[in-house]
> 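Questions regarding the structure given below will be posed in turn.
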Amino acid sequence: MLDTINLILLSNIVIYLGFAGFLFKRGKKKAVVNSYLFVIFSAIFWTTAMIIFRSMPQSSSLFWCKVLYVVAIFPSYGLYLFSQVFPYGELPKIKQTAWTVIVSLTIAILVVLPGLIIKRVDIHPGLEKVIIWGNLYFLYFLYISGIIGYGLITLLRKYFKESGIVRAQLKYIFWGYFFGSGMAMFPNLLLPWMGIFKINWMGQILGIITIALTVYAIIAHRFMDIKLVLRKTSVFTASIITIIIPALFFDYLVRNYFTEIPSNIVTFSVIILAVLIFPSIKNYYYRLANKYFFSSLYDARQVIAELSEKLRSTLDISMIYDFVSGMLTNAFHAKAAGILTLDETSKKYVTRHNAGFATGGQNKFAGNKFLHEEYISKNRSIVAEELKSDKRPETAATMELLNKMGVEVLTPLNIKDKTIGLIALGPKESGDMYNDEDLQVLEIVGAQTAIAMENALLYDETRKFNINLKREVERATRDLRNANDQLKKLDQAKSDFISIASHQLRTPLTVIKGYVSMILEGNFGDLSPAEKDSLEIVFQSNERLIRLVENLLNISRIESGRLQYSLATVPLEKITDSVVEELTNYIKKNGLKFIYKKPTAPLPLVKIDEEKIRQVVLNLIDNAAKYTKQGSITVSLKKADGNIVFTVSDSGIGIKPEDLPNLFKKFSRGTGTSLVHTEGTGLGLYVARMMIEAHNGMIWAESDGEGRGSRFSFSLPVVSS
Ligand code: ADP
């Protein structure tokens, strides 16, 4: 008889077979897989026996009933066996095995013997078969609940003893047992005892829970937090119930009291309404569940949002360490958290933050090339527990160190392809494993933290650099200021010296000049030509000395800002004429041709301090004479673009192109000049420039090169009429 229930039981068998196949293919530990395959197949036989029992006519019912109850011993015994074998594949002790086998056999025999446990089977058409129990049924009841209870206790004991993956596995298996098999005892053992047979096939279905969770525990690599699963299912169930109950009620109301409304439309609108409000209701329950029942579970989105917010608000590296470590400890209830940075040069990780790890004072840790390549560089976290079975010699030392310090997870802090550090986490307070969701959260946290750390470190570096720079600049400024003060003092001393010396020199030189010229003019009697020549030389040398002193005085006045100009509007020819006249004799005596190209028509006037410009003209012509051994000196004056231009050109030693830009600087002499003329000072042109520039004029030199003569010119603006 293939009724609905048998169909359900049949599909149950298919599901069991699926699990068996799955376990067979993916399971690793042989003893564990085999003992559980035994459980699954006994559950399949048990379900098959139920189908047969439900289908058989009265005549063979008692026989199949006994078969069913004997077969039912196997999955229960199998579960007990499995609880012993898991996780390390150890078989129970011989003595214990002997005892359990003897007890189970005894129960099986009691089932088979007439009238003791099962008396007879009654059939009520349309209802489940009714079994009339013998006096010893309680023994059967005790046996099944005892053996399952014993299994549960064993699992619980192991759960508290173990840690890490095994602990997580045990948790799944325990809840699977508890819900599946524990609950199955109601419809299949307890209710039938009270004569209720309506759902005595339910245990076979509930077995799915046990088997599903156990198979998952055996083959899963990394576990979902069981609380997450519970939260998901409970939120989902509560939401569905909340929608279905009012919907059914509403449907009922409309169908019974508002019969004029077509029922299709009602159903349709109820479904649409349900679909629309389902998400909000689910969210509501989700929040409720988080608040009251799963407060130990963290909300990944919230954690990440909070972290980014905090990281954005600081550039202080130690605050970043505090945030991240505090937040992760809170979210995961981790026993310890730490942050390390990678030192590029030594390739060692340096502890920057440690909350709870027993490092024994060690704060530098060598990186492991293999683990780096396999995990860190690929942005994958190292989960110590998962690597426990990894016995490679290359990683053994590192894994041992991690175990010793109680490091459970290492999450890379990577920026693009560069590793800047690691986040280390200790085990969870709950003893649970870090699950996939945790690791995903950690990866995101790692990426964000790495960026924040990089920014903070860069900022810190810049800040330190700035502080250093400021200190350096301050020091250099102080040095410079000192040097400058020193120089100013020296300069002042030099100016004072020059000023005093020049004043002291000027008077005697003027006296010499006066007497020599009087002698030369014959005031003290006639002179022989030889005497005259000698005195002429004395006179010229004295003149040069006067000019030198004048230059020195001028410089000291210029520098102290005491040089005064008394301006008058005059023709420049006037000054040129007088200087030319003064020097003609001297130049000619030196065997040079002296040409003065005086303009034919009078030139426009210039506004000048006559004395100063006269000095410039004297200096320039004197230089030409000094630096010319043979040939000629030509002086010219002309008007050009609103200026009067004075030029003196010579056929002398010329100027090297590299010297040209420097000639007008203080104390500057052309290279090699001192060989030609030893007593130069390099001041004449500097003073000339100062003076010409004070008249808003320009002064410059030109030369075609060494030995090819020079041209010195200055220009002065014409007075506008
Ligand atoms: P001094 O003549 O005392 O060295 P100046 O300031 O008058 O100082 O001239 C600076 C330098 O310019 C000279 O040392 C010389 O090298 C160069 N100089 C000046 N006039 C001439 C010139 N007419 N021909 C070649 N070089 C000159």
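Just so you know, ligand 1 is whichever comes first in the structure, and atom 1 is the first atom listed for that ligand. Remember, predicted model here, so these are calculated numbers, not experimental data. Numbers here simply count residues along the sequence, with the first being 1.
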> Is the shortest distance from a Lys or Arg side-chain nitrogen in K574 or E610 to a carboxylate oxygen in the other one below 4.0 Å?
yes
> Can you list the ligand 1 atoms lying under 4.0 Å from a non-hydrogen atom of S710?
22 (C), 24 (N), 25 (C)
> Give me the nearest non-hydrogen protein atom to atom 7 (O) of ligand 1 as residue plus atom name, then the distance to 0.1 Å.
N623 ND2, 2.8 Å
> Return the residue, atom name and 0.1 Å-rounded distance of the protein heavy atom closest to atom 27 (C) of ligand 1.
Y627 CD1, 3.6 Å
> Are any of the N or O atoms of F712 closer than 3.5 Å to those of ligand 1?
no
> Y686 versus ligand 1: do any nitrogen or oxygen atoms come within less than 3.5 Å of each other?
no
> Does F664 come within less than 4.0 angstrom of ligand 1, counting non-hydrogen atoms of the residue?
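Judged by the 4.0 Å heavy-atom criterion, F664 does not count as contacting ligand 1.
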> At under 4.0 Å between heavy atoms, which part of L683 makes contact with ligand 1: side chain, backbone, both or neither?
backbone
> Just do the ring pair (Phe, Tyr, Trp, His ring centres under 6.0 Å) check on F365 and Y349 with the steps written out, would you?
CA-CA 5 Å; F365 304 92; Y349 288 94; 8.7 Å; no
> Check this for me, if you would: do D479 and R475 make a salt bridge, where the nitrogen-to-carboxylate-oxygen distance has to be below 4.0 angstrom?
yes
> May I ask you to identify the nearest protein heavy atom to atom 23 (N) of ligand 1, giving residue, atom name and distance to one decimal place in Å?
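Among all protein heavy atoms, the one nearest atom 23 (N) of ligand 1 is D650 OD2, 2.9 Å.
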> Rounded to the nearest 0.5 Å, what separates atom NZ in K666 from atom OG1 in T681?
12.0 Å
> Below 4.0 Å from any atom of ligand 1, is there a heavy atom belonging to S703?
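Per 4.0 Å heavy-atom rule, S703 does not contact ligand 1.
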> Any nitrogen or oxygen of G684, side chain or backbone, less than 3.5 Å from one on ligand 1?
yes
> Within ligand 1, which atoms have a heavy atom of L685 less than 4.0 Å away?
5 (P), 6 (O), 7 (O), 9 (O), 10 (C), 12 (O), 19 (C)
> With a 4.0 Å cut-off on heavy atoms, is S668 touching ligand 1?
yes
> Salt-bridged, E550 to R547, with N to O below 4.0 Å?
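No salt bridge links E550 with R547.
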> What are the atoms of ligand 1, with element, lying closer than 4.0 Å to any heavy atom of G654?
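The atoms of ligand 1 under 4.0 Å from a heavy atom of G654 are 25 (C).
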> Which residue pairs pass the salt bridge (charged side-chain N to carboxylate O under 4.0 Å, His left out) test when at least one of the two sits in residues 446-461, sequence neighbours left out?
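Applying salt bridge (charged side-chain N to carboxylate O under 4.0 Å, His left out) to every pair that reaches into residues 446-461, excluding sequence neighbours, yields K418-E454, D460-R463, D460-K464.
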> Once you measure the plane-to-plane angle for Y565 and H695, does it fall in the parallel (<30°), tilted (30-60°) or perpendicular (>60°) bin?
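Perpendicular, since the angle between the ring planes exceeds 60°.
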> Do E582 and R614 meet the salt-bridge criterion of a basic N to acidic O distance under 4.0 Å?
yes
> Is the shortest distance from a Lys or Arg side-chain nitrogen in D659 or K656 to a carboxylate oxygen in the other one below 4.0 Å?
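No salt bridge links D659 with K656.
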> For atom 26 (N) of ligand 1, tell me which residue out of I655, N662, T681, L548 has the closest non-hydrogen atom.
I655
> Does G682 reach ligand 1 with a nitrogen or oxygen that is under 3.5 Å from one of the ligand's nitrogen or oxygen atoms?
yes
> Hey, are E573 and K598 close enough for a salt bridge, meaning a charged N less than 4.0 Å from a carboxylate O?
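A salt bridge is absent here (no side-chain N lies under 4.0 Å from a carboxylate O).
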> Does ligand 1 have any atom that is closer than 4.0 Å to a heavy atom of A624?
yes
